[in-house]
Structures are given as C-alpha cells and as structure tokens.
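Please read the structure below before turning to the comments.
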Amino acid sequence: MESRYTINKQFMEMTGYYDRNGKLCTLVTETGMTFIVDKSPLEIIRDNIVCIGYDLKGATKTARSLLGNIYNCPILVNPIDRIVIFPTLSPKHSECVWYNPIHIKRTRSLNRQTIILYSNGRTKLIRNKLAAFNCKIKQAEQLEDMTKL
C-alpha cells in the first residue's frame, strides 16, 4: 500500500476501495500495474492540484467556466503533462471511477453497457451507457484542448 500518489502519464483510472478496517482508500491502475493508495480519490486529486499551486475548487470552477455548468465535470490535474481526468459519478460517491481519456483507445456498447479498450490492450466492462461515457471523454478532451498554453 502506498502512502501517496502523483498522477502521471501512466495513470489510467482510479476508484474508491475500502480496506479491511472500513477506511476509504484508492485502487489506482496504471498501464503496467495496479496498487492501493492510503488516501481517498478526492484526497489524491486535491494533493496533486495543491502541488502545482491550485486547489480543487478552483480547478472545478475553471472547468465549469470553460465547458459550461456541466454535471461531474472533468478536471485538469497536471497542466505540465496535460493530464485531465473525469469522473463517472459524483466525485463524493465512493463508487466513482476517475478516468484518464488519453489511455482510452476505443469504446463499444454491449447490452446497454460500455466496453473500454485501453492503450495497454486491457478491456473493462462498465455500467455506463456508451453515449454518456463518450460524452464525458469528449468533455475531458475539450478541457485539455482549451487549457493548452
């Protein structure tokens, strides 16, 4: 178990994970490995944004001002490496999954669910409908494009 995590170019996704004591931790998946971090997903995001001199509230406000007042908007967590991540549910929900759209190479529909094909060849079936999930990917890509220096 890691004590902290810096979101980097290999980051694919992260989600809440309760340890055996009932503490909310994070299951992080990178292109080559999966591991647990002893912080919640929002704590990881906050820590990463604070390291570059901003805060989560400001990052969310900026994203909403650029994209419109959308629900569960993407967030620019690393402007140097151009990393934007987006949530599937409310970020406060323990089952929320945060994705890095750079590693999502293809999406397909299967029985009103979505199959994700990642850049490392892995696939994942999620409960989101294809159109809604693709819209979130597009919003994240737009935010990344709008915030280029």
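For Glu43, there are no salt bridge (charged side-chain N to carboxylate O under 4.0 Å, His left out) partners two or more places apart in sequence or in a different chain. By the side-chain hydrogen bond (donor to acceptor under 3.5 Å, both in side chains) test, Glu144 is found to be paired with Arg82, residues two or more places apart in sequence or in another chain being considered. With sequence neighbours excluded, no residue forms a side-chain hydrogen bond (donor to acceptor under 3.5 Å, both in side chains) with Arg106. Under the rule for a side-chain hydrogen bond (donor to acceptor under 3.5 Å, both in side chains), Ser109 has no partner lying at least two apart in sequence or in another chain. Applying the ring-ring contact (aromatic ring centres under 6.0 Å, His included) rule to Phe86 yields the partners Tyr99, Phe133; only residues at least two apart in sequence or on another chain are considered. Judged as a side-chain hydrogen bond (donor to acceptor under 3.5 Å, both in side chains), and not counting sequence neighbours, Thr6 has no contacts. Residues meeting the side chain to side chain contact (heavy atoms under 4.5 Å, CB included) test with Arg112, sequence neighbours left out: Lys129. Taking the salt bridge (charged side-chain N to carboxylate O under 4.0 Å, His left out) definition, one finds that Glu30 meets it with nothing, sequence neighbours left out. The salt bridge (charged side-chain N to carboxylate O under 4.0 Å, His left out) test applied to Asp55 returns no partner, not counting sequence neighbours. Lys105 meets the salt bridge (charged side-chain N to carboxylate O under 4.0 Å, His left out) test with no other residue; sequence neighbours excluded. In this structure, the ring-ring contact (aromatic ring centres under 6.0 Å, His included) partners of Phe35, at least two apart in sequence or on a different chain, are Tyr5.
The closest side-chain donor-acceptor pair between Asn128 and Thr114, if any, does not fall under 3.5 angstrom.
Between the side chain of Arg64 and the backbone N or O of Ile70, at least one donor-acceptor pair lies under 3.5 Å. Judged by distance alone, with hydrogens and angles left aside, the side-chain atoms of Asn111 form no donor-acceptor pair with the main-chain N or O of Gln113 at under 3.5 Å. Although no hydrogens or angles enter the test, the distance criterion places no donor-acceptor pair under 3.5 Å between the side chain of Ser94 and the main chain of Gly16. A distance-only check finds a donor-acceptor pair linking the side chain of Asn48 to the backbone of Ile44 [under 3.5 Å]. Thr26 contributes a side-chain N or O that, together with a main-chain N or O of Lys39, makes up a donor-acceptor pair within less than 3.5 Å. Remark: side-chain polar atoms of Asn120 are paired, donor with acceptor, to backbone N or O of Thr31 under 3.5 angstrom. Asn100 places a side-chain N or O within 3.5 Å of a backbone atom of Phe11 that can act as its donor or acceptor partner.
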**Request:** Evaluate the side chain to side chain contact (heavy atoms under 4.5 Å, CB included) criterion for residues Ile126 and Glu13: first the C-alpha distance (whole Å), next the side-chain angles of each, then the deciding distance (0.1 Å), finally the verdict.
**Result:** CA-CA 13 Å; Ile126 60 171; Glu13 68 176 60; over 6 Å; no
**Request:** Before giving the answer on side chain to side chain contact (heavy atoms under 4.5 Å, CB included), spell out for Thr29 and Arg122 the whole-Å C-alpha distance, their side-chain angles and the decisive distance to 0.1 Å.
**Result:** CA-CA 11 Å; Thr29 302; Arg122 288 186 53 212; 3.1 Å; yes
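For Lys23, the NZ atom counts as densely surrounded, since its 6.0 Å shell holds more than 12 non-hydrogen atoms of other residues, nucleotides or ligands. Atom OH of Tyr17 sits in a sparse spot, with 12 or fewer heavy atoms from other residues, nucleotides or ligands closer than 6.0 Å.
Separating the CG atom in Asn78 from the CD1 atom in Ile83 is a distance of 4.5 Å, to the nearest 0.5 Å. Atom NZ of Lys9 and atom CG of Asp81 lie 4.5 Å apart (nearest 0.5 Å). With rounding to the nearest 0.5 angstrom, the NZ atom of Lys61 is 13.5 Å from the CG atom of Leu56. Here CG of Asp145 is found 8.5 Å from NZ of Lys138. Values are rounded to the nearest 0.5 Å. Distance check: Gln139 CD to Asn72 CG gives 9.5 Å after rounding to the nearest 0.5 Å. In this structure, the separation between CE on Met14 and SG on Cys96 is 8.5 Å, given to the nearest 0.5 Å.
Cluster membership for Leu76 and Trp98, using ILVMFWY side-chain heavy atoms within less than 4.5 angstrom, is not shared. In the hydrophobic clustering of ILVMFWY residues, with side-chain heavy atoms under 4.5 Å counting as a link, Ile75 and Leu42 come out together. Linking ILVMFWY side-chain heavy atoms closer than 4.5 Å, directly or via other members, places Leu117 and Ile137 in two distinct hydrophobic clusters. No continuous path of ILVMFWY side-chain contacts below 4.5 Å connects Val50 to Ile80, so the two sit in separate hydrophobic clusters. Residues Val37 and Ile49 fall within the same hydrophobic cluster, defined by Ile, Leu, Val, Met, Phe, Trp and Tyr side chains chained together at heavy-atom separations under 4.5 Å.
Side-chain atoms of Ile116 and Met12, non-hydrogen and from C-beta on, never get closer than 4.5 Å to each other.
Looking at every heavy atom in both residues, Cys73 comes nearest to Pro87 through O-CD, 3.6 Å. Ala140 and Pro101 get closest at one heavy-atom pair: CB-CG, 3.7 Å.
Applying the salt bridge (charged side-chain N to carboxylate O under 4.0 Å, His left out) test to residues at least two apart or on different chains, the pairs with a partner in residues 91-100 are Glu95-Arg127.
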